[in-house]
Undergrad: 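Quick one: this structure, given as structure tokens, is what I'll be asking you about.
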Amino acid sequence: MTWTFLNILIVIVAFQLLFFSVFLATRRSEFRVRYRLLALFLFSMALPLLSFILYRADLSIYLSYPYLFWFGNSFGLLWGPSLYLYVRSLVDRDFGFKKLDALHLIPLALYWLYKLLYFHVHGAHVKLELLLVGKVLDSTDLLVAGIALHVIVLAYTAASWRALAVYRRGLRDAYSSIEKIDLSWLRFVLVGFGLVWIAALGNSLVSFVRGYPALLFCTANVLYVFCASNVILFKGLRQNEAFSGLEQRTKYAQSTLSRADSEKHLERLRTLMEEEELYLTPSLSVDQLAQKLHIQPRHLSQTINDCAGQSFIDFVNRYRIEEAKRLLKDPEHKRTILEVAYQSGFNSKATFNSAFRKSAGMTPSRFRKAREGILGSDSARGRTES
């Protein structure tokens with residue numbers, strides 16, 4: 001085998017993926033389910049890469065062990081399901097394997113059945129003959145299998161993106177501050193994964209016409225796998241505590257909470273917020289408030305959404321903005337905008353500015369200047385009258 005840049009890169013990435021998958025699969029943690037799903041995702045990417053480099057290097061291994069020929073590549077059918085289940089384990093607090101999850105293995109099972117009837121059912125000498133004459137790598141066969149693989153991967157990537165989007169919206173009903181829950185790394189993985197496989201689908205079509213794949217696409221795909229595997233491992237491990245997931249709730253369709261009880265909960269909630277000033281806690285969550293009120297979190301969410309007509313984060317921010325306005329109006333203690341943000345319960349100046357502008361229609365700085373202008377006018381008018 002010629003040690004080209006692509007060949008060296010494939011070997012490095014394949015063994016990195018294997019190392020990462022072993023590390024995650026053997027790691028002891030309360031997040032072991034999501035670790036093992038991530039390990040499966042990385043492992044399923046490593047085996048096709050190893051099969052590809054062995055094919056590019058020499059067919060001698062496959063000639064000696066012909067039954068291994070399609071084994072490694074078949075794990076590509078686990079890319080989509082393992083990524084989707086991993087995302088679900090992040091966004092669903094009560095995630096667990098159910099019998100229906102076995103349906104995700106149907107494409108892999110069908111593929112193995114097809115190869116069993118077409119290739120593996122034969123004896124070793126027939127397999128060797130199929131390998132040597134090139135029938136195993138028939139271009140039409142590869143095109144059909146390739147398109148099916150790419151459609152499956154893209155469908156699961158879209159499902160993963162939808163699950164992440166639902167989670168993102170749900171955060172506003174569960175937490176009063178979401179700055180520390182960083183989803184950008186996962187969006188990078190999903191967007192990149194989708195773009196890579198759209199490009200790979202085009203590469204498959206080009207390969208069918210030209211008879212060989214474009215190495216530029218292959219190199220770009222392997223480089224992305226290298227970057228994404230590092231990002232998803234290290235960022236995923238660091239974000240576990242913040243990425244605690246949400247309780248999956250239907251949107252109150254079967255709720256037992258009556259309108260009268262909901263209004264009582266809202267009155268108690270407002271009293272609690274005003275008396276204890278809980279909105280000053282940046283990490284305040286709907287679960288914490290529900291525990292103080294001795295009601296179910298889903299009932300508290302329904303109360304805020306239906307009776308107050310707001311998301312949880314907007315409900316809490318309304319109190320924070322009022323506190324910020326009080327601090328900005330205080331003539332005796334001139335605070336910086338950052339100090340006002342922190343003292344009114346916000347985690348960052350950017351989030352504070354955005355929420356204040358949404359509520360007051362102007363920035364905190366402009367609000368303060370306007371207030372000072374009013375006070376200055378009143379003072380000047382008082383001196384004139386006297």
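Being a predicted model, the structure only gives us computed values, none of them experimental.
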Undergrad: Do the side chain of Arg320 and the main chain of Tyr279 share a donor and acceptor less than 3.5 angstrom apart?
TA: yes
Undergrad: With clusters defined by side-chain heavy atoms of hydrophobic residues (ILVMFWY) lying less than 4.5 Å apart, directly or transitively, does Leu110 cluster with Leu100?
TA: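 Leu100 and Leu110: one cluster.
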Undergrad: Any heavy-atom pair between the side chains of Trp161 and Val191 that's under 4.5 Å?
TA: yes
Undergrad: Same hydrophobic cluster for Phe19 and Phe15, using side-chain heavy-atom links shorter than 4.5 Å among ILVMFWY?
TA: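 Yes, same cluster.
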Undergrad: For Thr363, does its backbone N or O pair with a side-chain atom of Asn353 as donor and acceptor, under 3.5 Å?
TA: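 Side chain of Asn353 to backbone of Thr363: no pair is present.
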Undergrad: If I take atom OG1 from residue Thr157 and atom CG from residue Leu195, how far apart are they, to the nearest 0.5 angstrom?
TA: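 Spacing of OG1 (Thr157) from CG (Leu195) equals 10.0 Å.
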Undergrad: Do side-chain atoms of Trp79 reach the backbone of Ser44 as a donor and acceptor pair under 3.5 angstrom?
TA: yes
Undergrad: Holding to ring-ring contact (aromatic ring centres under 6.0 Å, His included), I want the full list of residues that pass it with Phe43, two or more places apart in sequence or in another chain.
TA: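 Phe43 satisfies ring-ring contact (aromatic ring centres under 6.0 Å, His included) with no other residue.
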Undergrad: Output, in order, the C-alpha distance, side-chain angles, deciding distance and verdict of ring pair (Phe, Tyr, Trp, His ring centres under 6.0 Å) for Phe188 and Phe193.
TA: CA-CA 8 Å; Phe188 162 77; Phe193 202 63; over 10 Å; no
Undergrad: Please examine the side chains of Met362 and Arg357, heavy atoms only from C-beta on, and report whether any two atoms are closer than 4.5 Å.
TA: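 They are not in contact (no side-chain heavy atoms under 4.5 Å apart), so the answer is no.
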Undergrad: Working to the nearest 0.5 angstrom, can you tell me the gap between Thr303 OG1 and Phe315 CZ?
TA: 9.5 Å
Undergrad: For the CE atom of Met273 and the OH atom of Tyr319, what is their distance to the nearest 0.5 Å?
TA: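 Met273 CE to Tyr319 OH: 6.0 Å, rounded to 0.5 Å.
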Undergrad: Does some side-chain heavy atom of Glu322 sit less than 4.5 Å from a side-chain heavy atom of Ser344?
TA: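 No, side chains not in contact.
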Undergrad: How close do Pro107 and Leu77 get, counting heavy atoms only, and between which atoms?
TA: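 Smallest interatomic distance, heavy atoms only, reads O-CD1, 3.6 Å.
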Undergrad: So do the side chains of Lys349 and Ile337 get within less than 4.5 Å of each other, counting heavy atoms only?
TA: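 Sidechains of Ile337 and Lys349: in contact.
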Undergrad: Quick check: does any side chain N or O of Ser21 sit under 3.5 Å from a backbone N or O of Leu18, one acting as donor and the other as acceptor?
TA: yes
Undergrad: Can you tell me if CD on Glu267 sees more than 12 non-hydrogen neighbours from other groups inside 6.0 Å?
TA: no
Undergrad: Do Leu338 and Phe352 have side-chain heavy atoms sitting under 4.5 Å apart?
TA: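 Answer no - side chains too far apart.
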Undergrad: If you look at every heavy atom in Leu49 and Ile10, which pair is closest and at what distance?
TA: O-CG2, 3.5 Å
Undergrad: Taking Glu263 for the side chain and Ala260 for the main chain, is one N or O donor matched with an acceptor at less than 3.5 Å?
TA: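 No; judged by distance alone, with no hydrogens or angles, the pair does not exist.
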Undergrad: Does any part of the side chain of Leu38, heavy atoms only, come nearer than 4.5 Å to the side chain of Phe20, both counted from C-beta?
TA: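 Sidechains of Leu38 and Phe20: no contact.
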Undergrad: On the ring face of Phe95, is Arg34 found with NZ or CZ under 6.0 Å from the centre and within 45° of the axis?
TA: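 Here Arg34 fails the 6.0 Å and 45° test against Phe95.
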Undergrad: Do any N or O atoms from the side chain of Ser354 and from the backbone of Ala350 form a donor-acceptor pair under 3.5 angstrom?
TA: no
Undergrad: If the condition is side chain to side chain donor-acceptor pair (under 3.5 Å), which residues does Arg88 pass it with, not counting sequence neighbours?
TA: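 Result, side chain to side chain donor-acceptor pair (under 3.5 Å) vs Arg88: Asp101.
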Undergrad: Group every Ile, Leu, Val, Met, Phe, Trp and Tyr by side-chain heavy-atom contacts under 4.5 Å, then state whether Val33 and Tyr84 land in the same group.
TA: yes
Undergrad: Can you give me the closest heavy-atom contact between Ser359 and Ile321, atom names plus distance?
TA: OG-CG2, 3.7 Å
Undergrad: Within the 4.5 Å heavy-atom criterion, are Asn317 and Phe346 side-chain neighbours or not?
TA: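 A side-chain contact exists here, since the closest heavy-atom pair is under 4.5 Å.
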Undergrad: Backbone N or O of Arg326 within a donor-acceptor pair of the Asp330 side chain at under 3.5 Å?
TA: no
Undergrad: Nearest 0.5 Å please: distance from the CG atom of Asp314 over to the CD1 atom of Ile304.
TA: 10.5 Å
Undergrad: Tell me if the CD atom of Gln291 is crowded by more than 12 foreign heavy atoms within 6.0 Å.
TA: no
Undergrad: If you compare all heavy atoms of Arg268 against all heavy atoms of Leu293, which two are closest, and at what distance to 0.1 Å?
TA: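 Closest pair (atom of Arg268, atom of Leu293, distance): NH2-O, 2.7 Å.
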Undergrad: Between Glu275 (side chain only) and Leu272 (backbone N and O only), is there a donor and an acceptor less than 3.5 Å apart?
TA: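 The answer is no, because no donor-acceptor pair under 3.5 Å joins these two groups.
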Undergrad: With the side chain counted from C-beta on, respond yes when Val87 and Tyr156 share a heavy-atom pair under 4.5 Å apart, and no when they do not.
TA: no
Undergrad: Could you tell me whether the side chain of Ser262 and the main chain of Arg259 form a donor-acceptor pair under 3.5 Å?
TA: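 No, Ser262 side chain to Arg259 backbone: no donor-acceptor pair under 3.5 Å.
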Undergrad: What closest approach, in Å, do Arg32 and Arg27 show between heavy atoms, and which atom pair accounts for it?
TA: CB-O, 4.5 Å
Undergrad: Which atom pair, heavy atoms only, marks the closest approach of Pro297 to Val286?
TA: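 Of all heavy-atom pairs spanning Pro297 and Val286, the closest is O-CG2, 4.1 Å.
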Undergrad: Same hydrophobic cluster for Leu164 and Leu154, using side-chain heavy-atom links shorter than 4.5 Å among ILVMFWY?
TA: yes
Undergrad: Judged by atom type as modelled, is there a donor-acceptor pair below 3.5 Å linking the side chain of Ser258 to the main-chain atoms of Asp261?
TA: yes
Undergrad: Using the test salt bridge (charged side-chain N to carboxylate O under 4.0 Å, His left out), find all partners of Arg28 that sit at least two apart in sequence or belong to another chain.
TA: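 Not a single residue meets the salt bridge (charged side-chain N to carboxylate O under 4.0 Å, His left out) criterion with Arg28.
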